[in-house]
Each structure stands twice: as C-alpha cells, then as structure tokens.
J.: 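The structure follows.
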Number of protein chains: 2
Amino acid sequence: MPTIRDVSRLANVSVATVSRVINANQPVSADTKARVVAAMAELGYQPNSNAKALATNRSDILGMVLGDLGGPFFGDLMAQAEEETRRLKRHLLVTAGGHSRDIELEAIDFLLRRQVDALMLHVDSLTDADLYELSTKTDTPIVLINRYVPDLHAHCIHVNNEVGGELITRHLIEQGHEAIACITGPLYKGDSRGRLQGYRRALEQAGLPYVEQRVVESDYMEAGGSEAIERLLSRKTPFTAVVCGNDLMAFGAIRSLRLHGFSVPQDIDVTGYDDIVLSSYVEPSLTTIHVPIGAMGVQAARLAVQLATGQRPTAQQAFEPQLVVRGSTRSRSSDQSSQPMHSKFVQQQ
Amino acid sequence: MPTIRDVSRLANVSVATVSRVINANQPVSADTKARVVAAMAELGYQPNSNAKALATNRSDILGMVLGDLGGPFFGDLMAQAEEETRRLKRHLLVTAGGHSRDIELEAIDFLLRRQVDALMLHVDSLTDADLYELSTKTDTPIVLINRYVPDLHAHCIHVNNEVGGELITRHLIEQGHEAIACITGPLYKGDSRGRLQGYRRALEQAGLPYVEQRVVESDYMEAGGSEAIERLLSRKTPFTAVVCGNDLMAFGAIRSLRLHGFSVPQDIDVTGYDDIVLSSYVEPSLTTIHVPIGAMGVQAARLAVQLATGQRPTAQQAFEPQLVVRGSTRSRSSDQSSQPMHSKFVQQQ
DNA sequence: CTGAAAGCGCTTACAG
DNA sequence: CTGAAAGCGCTTACAG
C-alpha cells in the first residue's frame, strides 16, 4: 500500500502539499496539483483513514447500533439512514446489539473506540438510565431512534405511541366494538406502556370501561401472541376484537384464534402495530399502525451530523403514527358484534 | 477522552506496560497489572482503535458491501454474518452498494482505506472483470458472497444456480406441464444465466422442446414480472406454467396473470426463486428455490478470517439450492393442464 | 518484568 | 503557494 510519502517523493513535493491536494482545503498551484494528482493515480494511492482519523480526531463515520439486524424494521431504517449519511458525505458503521444489554454496550464501546462522529441507537435492552449515563460519559453525540427518553429529549427521534394506540383502538370502537382485548409488549418498555395508555384513553373517550381481564402482557413475538390468546380465552371474559402491541403478535393471535374456531375478521377483529412489510401480504391483511421508520432513519442521520458539527439541529424529531386499515378489521353493527363470540365461547367449554 | 498516556501516569508505569496489559500478549507482574487495571477503570479508558490499527496495520474489522440494504436477503445474511464475525472476535462494517457500479466501487474504497482485514462482497453491479482486477490491486483478502467468479474460485461462497433452475423446472414437469414459460433476470448476470441454463436442461432431460417464444428477460423486480407476463401473453404461444427468476418477479407475474383472468395455480402454475420471507405468507404461497443465504453469510465470515490470518481455508464454499413446494403449483393430469389456458387465450382476443 | 524510543500515515500550525 | 516538524495514540523491537 503506497503512503502519502510515496506520493510526495514521486511528485517531488512535501507530504504537506499532498495532504493539501487530497483535502482541497488550502491553495495549491495548478501544476503542483497536477503532478500530485498524477502521482496518486500512478501509485493507486488511497489515504489511510485510520491515520487521518487519528490526526484529526474525527472519522466521518456515523455509528449505528440496531437491536436486531434481522428485525422487520431493519432494512428500511438502515437503507434510508445509509442513503442520507452518504448524502451528508459520511459513512455508516452498523453493528448489531443482539437484543442483549451486554452486547449493546459492547457495540457502543466498539463504535466509541472507533471515534465515530456520532452514535445512532435503535436499542431495546438498554434502560433509559443506561442511555442517560452513557450520554454523560462521552462527548460523542448520541441520537436515539424510535425511542423517547425525557432526559435526552433533544437527542430523540420518536413517534407518539400513545396516539398510535389510541388511533387503532378508536378505529375498532368505530367499527362497533365494545369488548376489546389488548395484548401488550413487555411493560418495562416505554413504547409498550405508551400504546397501552393510548388504548385506555380511547376506551375512556368512548365511555367504555377498562377491564383488566381483557389485558395481557406479552413479548412482541409471534408465539407470544398465540399464547396470549390462550390466556385471554381461558379468562372467560368475552371480547370481539384484539389490539396487539405489534404485528408479529397479531399474526400469532390470529393463528391461535383460528385454532379455536374463530374467523378473523368475521368473528373477531385483530389489529397490529408497526406495519411491517408482511402485514400487507398476509391473509387477511392486517389493520395496523404505520411507523415511519425510514423517514426517522433519515432524520436521525441529519440530527447526528448536526450535533457532531455543532450546527443548530433542524432535523424533524417527532413523528406521527398513521392508521392503516386493511382486512383484519371490518365494520359491523353493535348487535352482531358480540353474538358469534359468545356462542363460540359457550360451545368451547 | 483519556489516552494510554494518562493511564500510564496514573498507574506510574510506562505506556508500553499499559499496552501490555491491554493486549495481554506479554508478561506483566501481578501488582503492576492491578495498578494499571485500576487506573483504566478510574479514567474510564477506552483504547483508540484508529491508533491501534495504524500501529498494527490491522483493524479486526471485516468489511461487507451489500447491493441493497433493503433487499430481501439482507437481514438474514447480515444477521448471521455479524454473529459469526463476533464469534471470531472481529467486527463487521457494512456498507450499501446501492446497486450502482460507482457506489459499489466507492464503498469498497472506503473499506480499503479503513484497513479492513478482509472484504466480503455481495454485489451485483460489478462485473467479474471488475472483481478480478480488484483482487489484483489489493492484498486485502476478498470473499464473494452468493456469486461464482471462475478466476476467483477460492474466494467464492456460492450456490449452484443451474441445479436450482433445473430442480424447479423439473418439479413443474413432474406436475404434468409441458408448456413452461420462463421469465429470467438480466442475462448479463451469471445467476440469471445459470437458472435459465437449468431450465433448459430440465426440458431437455424430459424430452421437451426449448421454445424461444416462451422465454423473456426481465429485471428481478416485481413490476418487471408483471410486464414480462404481458409480453408472454402477447406472443400468443400458450403456456401452463411460468418459471420466474426470483420471487419478486413471481409476485408480479401472479398479479398480472390474475388481471388477465387466470387463477394461480388453477389455470397456471408459477414458481419463484430465493425463498424470501414473504413467499411463505402470500396467497397462494410460492413454490420456490431456497437459497441458504444465512449459512452462506456465516461461511463468508469464516473464510474471510481464514484468508486474512493465513489459515488454511476450511469454510464451506459450495451450497446446494433446495426445492420448496408450496401453493402456487399443483399436481394435474396432462390433459387438464392446457385446456383452460387455451380457452382463456382465445377468449381474450 | 519494565522502560525509552522509533514508527505507523496522516494533518496542521508555523515559517518563509 | 510550499516545506519542515510536531503531534495524534497506539505497538513493538531493543535494552536492561
């Protein structure tokens, strides 16, 4: 690998001059520049980024840690963030957090050691306290994607989960439902709590009671959704619709309901949350809440660069969830709504 | 950010000694070590990876460039490769190639400048010649994922496309089809040609003629699959099944066939290739060829590290495609097979 | 077992 | 416009 020294010798200039033509940040006479450019081409010279980063204390790299590289959000988020990063003349270094606190911390350390200009985190195992502590320990700017931590308000790209939970629940109420079950994600997570809160608020606004027997906590996984339905059915408190904390759990819920002889949406409506790609393809297609994760990725990159360069942040930080109505919910009159449910409940016993 | 100097001062030792306890590659007395460890902890010291890479000329990073971060393969490939990389005590740096030759080259340059220990490429815009030239220009080891370049035989993790094309075509023949259309990917790509070759071989083995009118080249996109069906139908050469070069084109083909009044698989069978996640969820679920992309990612990481460290390569390089039969194909007797097709063809005119 | 010092390949004041 | 030199934070022979 040729170095800047080799280029300088071949072009008969100092390494300082070569550096100047590489970075085009200081005046260089036309013919010296030509000689240097020719020498670089002849040698196939590539500047060593590590040396540059060491000398300048910046890397032009934005580091991103993702909970799960295989996750449904992942492609969209990463593709959009990458594109924006490229537009901003930076590069994206992505690492997996493996849904484990230790791995997430290790991934962050790795990026920090690499002198990334900023950190973009889409993590779910670190607590709010972990994140806050991290922010005090490093002066590398941090951006949180799809997460809201009050103490790090200026660093969050977030979407209002309460509104999302409210939107989807209200949609069911408008379809004529009064007995709506709810399968939440793990309640130690803020977004699970937010969605549940939205569910409660929609019920309240409609004058419907909040019935604990209809609410069950699960794990955001497909199997968890199936299992949650088992628990709900065993409680013998009838319901005609199920609000699920994410799409995956909705898939599991539908499967489990079918096993018990219920049709979706003929007998019971089911909704998801996230709007992953699959959700528009499954049968029935899923009514859900669209989370603009790609757009959030773009703004995360913008905010990261703005924070890293000391510019005034102009990136959009708050996003609104959007209701997407599909085949898993359908309009029905109120008297139809609970009838088939009750009869099947009885016939199961 | 504290440096090794700060640690050495606090622990009252030389920086060389600190370096030795960090890397644990040379003997250090127990109590010096304890002092150093304590000092590092007290300062929250993190070694600067760029400085280390500069000094050692290795980065412990495996660079990966992916044609398309949003692509269907992506999650699985990356998640598995990342996990294996971590197991091998390295890190993964991923960059998007954006399906453009310039961006792919730029991405590779970026990684090379970063002194990655090896390059793992899943690219589709660079030609075999580009890749070969690249391999001669750098001594950073290169691994090609899901691609076979004869001149770089020892660097490829590949799957036999010809066998895949043959498997899926033979499956259709066994279902009783004799008039099988074929929608290929871009024929400048080796895998498109391989799959087409497999299609031809299966026909040949069954004593069926290869009819040019039934073969059309497309672009591996869903819309391309739709458009390809239009072209096939306009040629007025009947067919009862369509072999598509990938799953996405199969989705487009099915949509287009439906628009023309054909049911899949009642009137026409359709097959895909790749077995992306969606394919088992769509209605009808897609008969396709499974490409073990996750396993290939694991072996790519292994091969990359083996090449980088001069170990004898033991990674598995050749993979076999697998037929996955689902709902988009069905057994039929030969006389049923072309009847409805012909009648609908006529009724369309 | 430990330290002093050179070197990795850049950048950037400082002079001229 | 250009060069000499110090410095970025590490590692690693070389001595002892």
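Reminder, nothing fancy here: chain letters follow the sequence lines and each chain counts from 1.
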J.: Between dT12(C) and dG16(C), how far apart are the two C1' atoms, rounded to whole Å?
T.: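 Their C1' atoms lie roughly 16 Å apart.
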J.: When we call it a touch if two heavy atoms are under 4.0 Å apart, what does Asn23(A) touch: a base, just sugar-phosphate, or nothing?
T.: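 Sugar-phosphate: the residue Asn23(A), judged by heavy atoms under 4.0 Å, touches backbone atoms but no base.
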J.: Counting C-beta onward and ignoring hydrogens, is there a side-chain heavy-atom pair between Ile157(B) and Gln317(B) closer than 4.5 Å?
T.: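 Heavy-atom side-chain distance check passes, below 4.5 Å.
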J.: Report which part of the nucleic acid Gln115(B) touches: base, sugar-phosphate, or nothing (heavy-atom distance under 4.0 Å, all strands).
T.: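 Touches nothing.
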J.: Does Gln316(B) use its side chain to pair, donor to acceptor, with the backbone of Ala318(B) at less than 3.5 Å?
T.: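 Yes, because the side chain of Gln316(B) sits within donor-acceptor range (under 3.5 Å) of the backbone of Ala318(B).
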J.: Do the non-hydrogen side-chain atoms of Leu111(B) and Met64(B) ever get within less than 4.5 Å of each other?
T.: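 No, too far: nothing below the 4.5 Å cut-off.
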J.: Nearest-nucleotide wise, let me know which of Leu54(B) and Thr17(B) is further upstream toward the 5' end of DNA chain C.
T.: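 The residue mapped nearer the 5' terminus is Thr17(B).
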J.: Between atom NE2 of His122(A) and atom CG of Asn146(A), what is the distance when rounded to the nearest 0.5 Å?
T.: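 If we round to the nearest 0.5 Å, His122(A):NE2 and Asn146(A):CG are 4.5 Å apart.
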J.: Identify, with sequence neighbours excluded, every residue that meets salt bridge (Lys or Arg N to Asp or Glu O under 4.0 Å) alongside Asp31(A).
T.: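 With neighbours one apart ignored, the set is Arg35(A).
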J.: Classify the nucleic acid contact of Asn48(B) as base, sugar-phosphate or nothing, counting any heavy atom under 4.0 Å across all strands shown.
T.: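 Sugar-phosphate, backbone atoms only, no base.
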J.: In plain terms, say whether Arg101(A) and Glu104(A) are close enough for a salt bridge, that is, a side-chain N and a carboxylate O under 4.0 Å apart.
T.: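 No, Arg101(A) and Glu104(A) are not salt-bridged.
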J.: Once you round to the nearest 0.5 Å, how far does CE of Met120(B) lie from CG of Leu66(B)?
T.: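 Met120(B) atom CE to Leu66(B) atom CG measures 9.5 Å (nearest 0.5 Å).
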J.: How does DNA chain D look in dot-bracket notation if pairs are Watson-Crick or G-U with both distances under 3.5 Å, crossing ones as [ ], other-strand ones as |?
T.: |||.||||||||.|||
J.: In terms of the nearest nucleotide of DNA chain C, which residue is placed more toward the 5' end: Arg5(A) or Arg20(A)?
T.: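 Going by which nucleotide is closer to the 5' end, it is Arg5(A).
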J.: Between Asn23(B) and Lys52(B), do the side chains contain an N or O donor and an N or O acceptor separated by less than 3.5 Å?
T.: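 Side-chain D/A pair, Asn23(B) to Lys52(B): present.
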J.: Go through DNA chain C in 5' to 3' direction and return only the first and the last nucleotide with some atom under 4.0 Å of chain B's heavy atoms.
T.: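 Terminal contacting nucleotides, 5' to 3': dC1(C) to dG9(C).
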J.: Regarding Ser49(A), tell me which of base, sugar-phosphate or nothing describes its non-hydrogen contacts under 4.0 Å with the strands shown.
T.: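 Nothing, no nucleic acid heavy atom in range.
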J.: For the residue pair His158(B) and His153(B), categorise the inter-ring angle as parallel (less than 30°), tilted (30 to 60°) or perpendicular (more than 60°).
T.: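 Taking His153(B) first and then His158(B), their aromatic rings sit tilted (interplane angle of 30° to 60°).
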J.: DNA chain D: Val15(A) or Lys33(A), which has the more 5' nearest nucleotide?
T.: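 Its nucleotide being nearer the 5' end, the pick is Lys33(A).
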J.: Base, sugar-phosphate alone, or nothing: which one does Ser19(A) contact when heavy atoms must sit under 4.0 Å apart?
T.: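 The residue Ser19(A) makes base contact.
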